Amino acid sequence: MQNAVELRDVVRRQGRFRLGPISLAIPAGGIFGLIGPNGAGKTTLLDLICGIGRADGGTITVLGMDVAHNEVAVKQRIAYAGPETSYQPWGRIGRLIDFVSGFYPDWDDAKCAQLLEAFGLQRSQSIATLSFGGASKIGLVLALSRDPALIVLDEPTTGLDPVARRVLYGELLHRMQQPDRTILIATHLLADLERSLTELP
């Protein structure tokens with residue numbers, strides 16, 4: 001089985017910040033953690049893996065495809081959720097969902113409805129009135145309403161209440177019953193990650 005993600009001598013420069021060179025391989029099938037303090041470059045690395053921005057050096061292969069030359073195909077096979085995404089231009093949750101769902105053949109309307117209910121969200125809600133945690137839930141709904149080969153989550157528990165964390169990790173562990181699915185989680189809260197997993201039934 002091929003690796004889900006491969007990085008070879010990847011370098012990214014942003015002003016005075018330099019990431020890398022980094023080389024790593026993430027096998028397909030499993031939950032993997034990218035652990036480090038804020039400012040270490042976790043989000044930058046995830047962005048590069050997801051085809052958001054370009055590396056200044058090295059190569060990135062995701063699901064057997066070179067990200068630099070197969071950006072659209074890579075994005076169709078992965079799902080990403082992070083805390084810095086703004087959804088306010090769509091006004092209401094339902095409008096956002098209708099827009100995003102049209103891009104992905106693997107979108108599951110029934111799963112989306114189930115996740116909205118589990119996270120306590122409604123399609124008619126105004127996005128502008130949501131808390132930071134509420135906005136994070138929207139990102140998770142968009143990512144988990146699909147059946148991608150790779151799920152990439154950046155600080156997924158930030159702003160989530162205990163019930164929402166249990167919903168999230170229950171869903172992730174359910175996904176891992178499929179041996180060819182891979183989940184990559186970046187966080188600086190290792191203790192929170194461990195506690196959330198051990199609290200599951």
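All figures in this text were calculated on a predicted structure; none of them were measured in a lab. Excluded from the calculations below are hydrogen atoms, water molecules and symmetry mates; all remaining heavy atoms, backbone and side chain alike, are included.
- Looking at heavy atoms from C-beta onward, Leu121 lies in side-chain contact with Ile138 at the 4.5 angstrom threshold.
- In this structure, the side chains of Leu24 and Ile26 come closer than 4.5 Å at one or more pairs of heavy atoms.
- The closest side-chain heavy-atom distance from Arg95 to Pro89 is not below 4.5 Å.
- Looking only at side-chain heavy atoms (C-beta outward), Ile49 and Leu7 come within less than 4.5 Å of each other.
- Looking at heavy atoms from C-beta onward, Tyr80 lies out of side-chain contact with Leu150 at the 4.5 angstrom threshold.
- A salt bridge is defined here as a Lys NZ or Arg NE, NH1 or NH2 lying under 4.0 Å from an Asp or Glu carboxylate O, and Arg181 with Asp147 meets this definition.
- For the pair Val5 and Phe32, the minimum side-chain heavy-atom distance is 4.5 Å or more.
- Expressed to the nearest 0.5 Å, how far CD of Gln114 lies from CZ of Phe119 amounts to 10.0 Å.
- Under the 4.5 Å side-chain criterion, counting only non-hydrogen atoms from C-beta, Val74 is not in contact with Leu63.
- Note: Ile78 CD1 to Cys50 SG = 4.0 Å, rounded to the nearest 0.5 Å.
- Under a 4.0 Å N-O distance rule, the pair Lys111/Asp106 does not qualify as a salt bridge.
- Within the 4.5 Å cutoff, the side chain of Ser126 has heavy atoms near those of the Arg92 side chain.
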